[in-house]
Amino acid sequence: MHIHPNMKMSDLVRADFELLAVLQRLKIPFGFKDKTIQTVCREQGIDLNFFLSLAKWFHERDFFPGETLMGHPVKWLVKYLRSTHSCYIDYYIPRIENEIVQMESIDHSAGHNMQLMLKFFREYITEFTSHIQLEEDKVFPYILQLEENLAKDKPDQAFWEETQGYTIKDFLDEHSDIEEKLVDLRNILLKYLAPPSDNCMFTNVLVEIFRLGNDLNDHTILEENVLIPQVIKLEEEFKKKFPG
């Protein structure tokens, strides 16, 4: 499928429903009628080329448009990543946890196994939430303020003072690989836990965890191959413009 600006948005979604995630995270509402991608993006205030780059990557997967995505204002990627965080915290994580609890209540013979799985998953949630909170409270505000201040003739004093000695590389040092824990959980489920009698429910939990893992992998690729290099470049430009 060739994705282009004059393609109908409804045709895009029908051809690849996985792209619904891109629309949702850019807060593009449904009800496209026969509007083109270009028209929908214009009406919703979405950068057309940014949307096309993401959509093509999610659909084709054979080429990562890192350089293209880095050419867009950093605020667009931050907006997308923040919406992704909301999906994880408000939907993915509670859904998986609730399904594990439901399995435990249905099949008491697997109770101990389910308790172990719940314990592991809740430990994962704690680490995962901490990681997201760091990005939401510290990293993303820093990035957005950096971009805003770079466009000014003089940076805000408060931003200048708060960020002295801090760079995005400090975040890289704290950027724990939250995917590894999820891989561990999947391995435990596949290799060591006997499934409860309701195998459909057990399989569904596995599917949800694999989907979350794939989504997290995409999230990490965008952060480490687009966002962080883009911010490093902004920091270099900021130091040249405001040497201090």
Side-chain angles (χ1 to χ4, degrees), residues 18-28 46 50-51 54 57-58 64 66 69-70 72-101 117-148 159 162-163 166-189 205-232 234-235:
E18 297 287 353
L19 291 172
L20 284 170
V22 176
L23 272 66
Q24 183 272 322
R25 291 167 190 182
L26 289 175
K27 303 188 184 305
I28 298 175
I46 302 296
F50 180 78
F51 175 83
L54 276 181
W57 176 48
F58 271 82
F64 179 64
L69 288 171
M70 285 180 65
H72 299 289
V74 72
K75 65 181 181 180
W76 284 111
L77 187 52
V78 169
K79 177 181 180 178
Y80 178 85
L81 294 173
R82 275 184 157 163
S83 292
T84 305
H85 285 172
S86 296
C87 283
Y88 295 155
I89 297 299
D90 299 334
Y91 176 74
Y92 274 114
I93 297 295
R95 180 179 174 125
I96 294 171
E97 185 176 15
N98 288 338
E99 289 183 352
I100 295 173
V101 171
M117 186 162 65
L118 264 177
K119 180 177 182 294
F120 189 94
F121 189 69
R122 283 170 175 158
E123 289 173 354
Y124 173 78
I125 292 172
T126 300
E127 183 175 340
F128 181 78
T129 304
S130 176
H131 171 86
I132 286 181
Q133 208 63 48
L134 171 66
E135 293 186 359
E136 292 289 335
D137 294 345
K138 184 175 181 180
V139 180
F140 289 165
Y142 165 73
I143 291 171
L144 294 175
Q145 290 178 55
L146 174 65
E147 187 175 50
E148 290 172 4
F159 174 76
E162 289 173 7
T163 58
Y166 177 82
T167 72
I168 197 64
K169 292 178 181 178
D170 296 324
F171 167 64
L172 266 177
D173 294 336
E174 302 167 344
H175 195 225
S176 59
D177 189 358
I178 55 177
E179 293 171 72
E180 287 185 4
K181 290 276 187 180
L182 205 58
V183 171
D184 290 342
L185 179 58
R186 290 191 308 211
N187 287 336
I188 290 173
L189 288 171
V205 171
L206 275 176
V207 170
E208 292 291 335
I209 291 174
F210 271 91
R211 280 180 176 167
L212 176 58
N214 290 340
D215 207 298
L216 281 172
N217 183 59
D218 291 339
H219 189 83
T220 300
I221 288 173
L222 287 171
E223 283 189 337
E224 295 187 352
N225 295 280
V226 180
L227 183 66
I228 292 174
Q230 193 174 15
V231 175
I232 290 174
L234 289 176
E235 287 176 335

- For the residue pair Tyr88 and His85, does the interplanar ring angle fall in the parallel (under 30°), tilted (30 to 60°) or perpendicular (over 60°) class? tilted
- Message: Nearest 0.5 angstrom please: Leu234 CG to Ile143 CD1, how far?
- Response: 9.0 Å
- Arg25 to Cys87 - nearest heavy-atom pair and separation: NE-SG, 3.8 Å
- Query: If you measure from CD on Glu235 to CD on Gln230, what distance do you get to the nearest 0.5 Å?
  - Reply: 11.5 Å
- Note on the structure: Note: Ile93 and Tyr124 closest approach over all heavy atoms is CD1-CE2, 4.4 Å
- Does NZ or CZ of Arg211 fall inside the cone over Tyr92's six-membered ring, less than 6.0 Å from its centre and within 45° of the axis? no
- Query: From Trp76 CH2 over to Leu26 CG, what is the distance, rounded to the nearest 0.5 angstrom?
  - Reply: 7.5 Å
- Task: Check whether the side chains of Glu135 and His131 place a donor and an acceptor atom closer than 3.5 Å, and report yes or no.
- Result: yes
- Query: Any ion pair linking Lys75 and Glu147 (charged N to carboxylate O, less than 4.0 Å)?
  - Reply: no
- Message: Using every non-hydrogen atom in the two residues, find where Phe58 and Leu19 come nearest and quote the distance to one decimal.
- Response: CB-CD2, 3.6 Å
- Going through the checks in order, is the side-chain contact (heavy atoms from CB on, under 4.5 Å) test met by Val231 and Thr167? CA-CA 9 Å; Val231 175; Thr167 72; over 6 Å; no
- Query: After noting the C-alpha distance and the side-chain angles of Glu97 and Phe121, does the key distance pass the side-chain contact (heavy atoms from CB on, under 4.5 Å) rule?
  - Reply: CA-CA 7 Å; Glu97 185 176 15; Phe121 189 69; 3.9 Å; yes
- Task: In sequence, state the C-alpha distance, the side-chain angles, and the governing distance for Val74 and Phe140, and then conclude on side-chain contact (heavy atoms from CB on, under 4.5 Å).
- Result: CA-CA 10 Å; Val74 72; Phe140 289 165; over 6 Å; no
